[in-house]
Amino acid sequence: MKSSFKPFLHTLGSVLFLIIAYFIGQGFARFTAEDAMITAESTASANWGLSFQEEGKAPVANASASYLAEYDAYYIEETDEKKIYLTFDCGFENGCTPAILDALKKHNAPATFFIVGNYLETSPELVKRMVEEGHTVGNHTYHHPDMTQISTEADFAKELQSLEQLYEETVGQPMANYYRPPQGIYSEANLEMAQKLGYQTFFWSLAYVDWYQDDQPTKEEAFEKLIPRIHPGAVVLLHNTSWTNAEILDELLTKWEEMGYTFHPLSELCE
């Protein structure tokens, strides 16, 4: 009887081993699939987008303010106060920026200029003027790439820190830790990387198509977009390369002031 019982135990042990191995394998496969899904979601890129549904009201964005706040990121201030945060993206200089700075100075309106490496290399005196006149200079990356295509934290950091270094060498003071993703393309992984580097990320809640040099909007087309869509707590994105912006900014700021709006630095948004 003892001799017949040993093979039975051996067979039973083998069966139990196979059963346990099966369930462990299933659990591992499930974990791997879920982990891959989380990784895919965090690295998936998105284009910043807005939907304006009611005049004078905040648009609906493709990410909520509360979600972005988890990553020290912003696109609007949720407030009833008629506050505007002016921002300009600066890819290069074509002669428009002096008029923009003149208009801002006239209205005592602080702005944030998000610059790239080329702009700092070619227009250091204008960058210094921005700082001297009380504006903030933020980081739009050195080379203006699609940052979602940069997979490592080291390469991501290099795009920001190389511009930081040149800025400090040029201006003589550290650059503000404000980051705007080139073209508004971002991913959750990018937001995390920027946050780890001590950056606050800024999108926008109002913009219009002003960046095509050979197809600039008319004054009327610009006002048609920018006047009715302004809203409390707006982060406005304009481009410094727009001749339309250079020509209308004084009048635009006047119209917004007549509507009861005041201009504030981005530092108030992240307090």
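Residue numbers count from 1 along this sequence. Heavy-atom basis, side chains included; hydrogens, waters and symmetry copies ignored. Computed from a predicted model, the values in this text were never measured in an experiment.
A single hydrophobic cluster is not seen to contain both Met147 and Trp204; linkage of ILVMFWY side chains at heavy-atom distances under 4.5 Å, directly or through other members, places them apart. A continuous path of Ile, Leu, Val, Met, Phe, Trp and Tyr side chains, each step under 4.5 Å between heavy atoms, connects Phe114 with Val171, placing both in one hydrophobic cluster.
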Would you give me the side-chain donor-acceptor pairs under 3.5 Å for residues 259-270, sequence neighbours excluded?
residue	atom	partner	partner atom	Å
Thr262	OG1	His264	NE2	2.7
His264	ND1	Glu268	OE1	2.9
His264	ND1	Glu268	OE2	3.4

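Here His231 contributes atom NE2 and Glu77 contributes atom CD; the two are 10.5 Å apart, rounded to the nearest 0.5 Å. For the atom pair Asn240 CG and Thr87 OG1, the distance stands at 11.0 Å (nearest 0.5 Å). We find the CD-CD distance between Glu188 and Glu70 to be 8.5 Å, quoted to the nearest 0.5 Å.
Not less than 6.0 angstrom separates the ring centroid of Phe202 from the ring centroid of Tyr85.
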* **Step-by-step side chain to side chain contact (heavy atoms under 4.5 Å, CB included) determination, Ile100 to Phe88** => CA-CA 10 Å; Ile100 289 171; Phe88 294 84; 3.7 Å; yes
* side chain to side chain contact (heavy atoms under 4.5 Å, CB included) evaluation trace for Leu126 with Leu101 -> CA-CA 9 Å; Leu126 280 173; Leu101 287 168; 4.2 Å; yes
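With hydrogens and angles ignored, the 3.5 Å screen pairs a side-chain donor or acceptor of Gln216 with a backbone N or O of Trp243. Checking side-chain atoms of Glu55 against main-chain N and O of Arg229 turns up no donor-acceptor pair under 3.5 Å. Within the 3.5 Å criterion, the main-chain N or O of Pro217 finds a donor-acceptor partner in the side chain of Thr244.
Looking at heavy atoms from C-beta onward, Ile248 lies in side-chain contact with Phe223 at the 4.5 angstrom threshold. With contacts defined as side-chain heavy-atom distances shorter than 4.5 Å, the pair Tyr199/Asp72 does not qualify. The shortest distance between side-chain heavy atoms of Leu237 and His239 falls below 4.5 Å. The closest side-chain heavy-atom distance from Gln149 to Ile185 is not below 4.5 Å. With contacts defined as side-chain heavy-atom distances shorter than 4.5 Å, the pair His107/Asp250 qualifies.
A donor atom on one side chain and an acceptor atom on the other are not found under 3.5 Å apart for Tyr179 and Gln195. A donor-acceptor pair shorter than 3.5 Å cannot be found between the side chains of Asp89 and Tyr119.
Applying the 6.0 Å contact sphere to CD of Gln213 captures more than 12 heavy atoms from other residues, nucleotides or ligands. Around atom CG of Asn108, no more than 12 heavy atoms belonging to other residues, nucleotides or ligands sit under 6.0 Å away.
Paired with Lys219 under the rule salt bridge (Lys or Arg N to Asp or Glu O under 4.0 Å), one option of Glu251, Glu224, Glu247 passes, and it is Glu251.
Salt-bridge annotation for Lys128 and Glu125: present, with a side-chain N of the basic residue lying under 4.0 Å from a carboxylate O of the acidic one.
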